[in-house]
Amino acid sequence: MKNGESIDRIIQVNDVSIGKNIAKIRKSINIKQIDMVAKLQTNGVDISIYSYNRIEKGTQNPTVSFLYACCYILGCDMNKIFDFKKDAKFTEKQ
């Protein structure tokens, strides 16, 4: 059971490379990792450069608040971070 201090985390799995997608978007708009961390911190996300690097590598799972702040900073939505594509397994049955 969750308490007031628990943090919701998104688990990166083999078919979704959240960290790699964030890195790709970040690099495409020419933001360095250290600058991204500074922007995250000013948006209320308590994160170190070490933890941020591990998220991009996929060895640490991001929090929901981290992902939300990334969307805001990178000017994108969750679909882009999760790199959702039209896939037969996700389409509605009609």
Side-chain angles (χ1 to χ4, degrees):
M1 187 164 137
K2 292 184 178 186
N3 62 32
E5 296 179 22
S6 69
I7 298 175
D8 291 331
R9 295 197 178 271
I10 303 296
I11 299 172
Q12 299 186 61
V13 292
N14 293 337
D15 58 341
V16 179
S17 299
I18 300 165
K20 288 181 183 180
N21 294 339
I22 291 171
K24 184 170 66 172
I25 298 165
R26 176 184 59 76
K27 290 174 184 177
S28 75
I29 56 176
N30 297 317
I31 297 177
K32 295 179 182 178
Q33 276 190 347
I34 192 75
D35 296 330
M36 185 67 178
V37 169
K39 289 175 185 282
L40 286 163
Q41 290 172 345
T42 58
N43 279 280
V45 177
D46 185 23
I47 191 165
S48 66
I49 187 69
Y50 175 74
S51 291
Y52 181 83
N53 184 273
R54 290 184 61 209
I55 289 171
E56 281 197 357
K57 287 182 179 179
T59 59
Q60 180 172 323
N61 293 319
T63 62
V64 173
S65 58
F66 169 88
L67 294 173
Y68 183 77
C70 283
C71 287
Y72 176 75
I73 293 164
L74 299 172
C76 66
D77 62 14
M78 289 288 181
N79 289 325
K80 190 160 185 178
I81 285 181
F82 281 85
D83 195 24
F84 287 132
K85 295 181 176 135
K86 191 142 183 126
D87 189 336
K89 68 181 178 181
F90 296 115
T91 57
E92 291 184 34
K93 293 181 181 178
Q94 295 188 14

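Just so you know, these numbers come straight off a predicted model, no measurement behind them. These numbers come from the heavy atoms of this one structure, side chains and all, not from hydrogens, waters or symmetry mates.
Applying the side chain to side chain donor-acceptor pair (under 3.5 Å) test to pairs two or more places apart or on separate chains, those with a residue in residues 28-38 are Q33-N53, Q33-E56.
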Evaluation steps, side-chain contact (heavy atoms from CB on, under 4.5 Å), between M36 and L74: CA-CA 9 Å; M36 185 67 178; L74 299 172; 3.8 Å; yes

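Both I73 and I29 are members of a single hydrophobic cluster when ILVMFWY side chains are connected at heavy-atom separations under 4.5 Å. Placement of Y52 and Y50 in two distinct hydrophobic clusters is found when ILVMFWY residues are connected by side-chain heavy-atom separations under 4.5 Å, directly or transitively.
Heavy atoms only, all atoms of each residue included: Y68 and M78 are closest at N-CE, 3.7 Å. In terms of heavy atoms, R26 sits closest to I31 at NH1-O, 2.7 Å. In terms of heavy-atom proximity, S51 sits nearest to Q60 at CB-NE2, 3.5 Å.
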Identify every side-chain donor-acceptor pair in residues 37-46 under 3.5 Å, counting partners at least two apart or on other chains, and give the distances.
| from | atom 1 | to | atom 2 | distance (Å) |
| --- | --- | --- | --- | --- |
| Q41 | NE2 | I47 | O | 2.6 |
| T42 | OG1 | A38 | O | 3.3 |
| T42 | OG1 | K39 | O | 2.9 |
| N43 | ND2 | K39 | O | 2.8 |

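Residues K80 and N21 form no side-chain contact, since every pair of their non-hydrogen atoms from C-beta on lies 4.5 Å or further apart.
Checked options I22, L67, I81; the residue passing with P62 is L67 (criterion: side-chain contact (heavy atoms from CB on, under 4.5 Å)).
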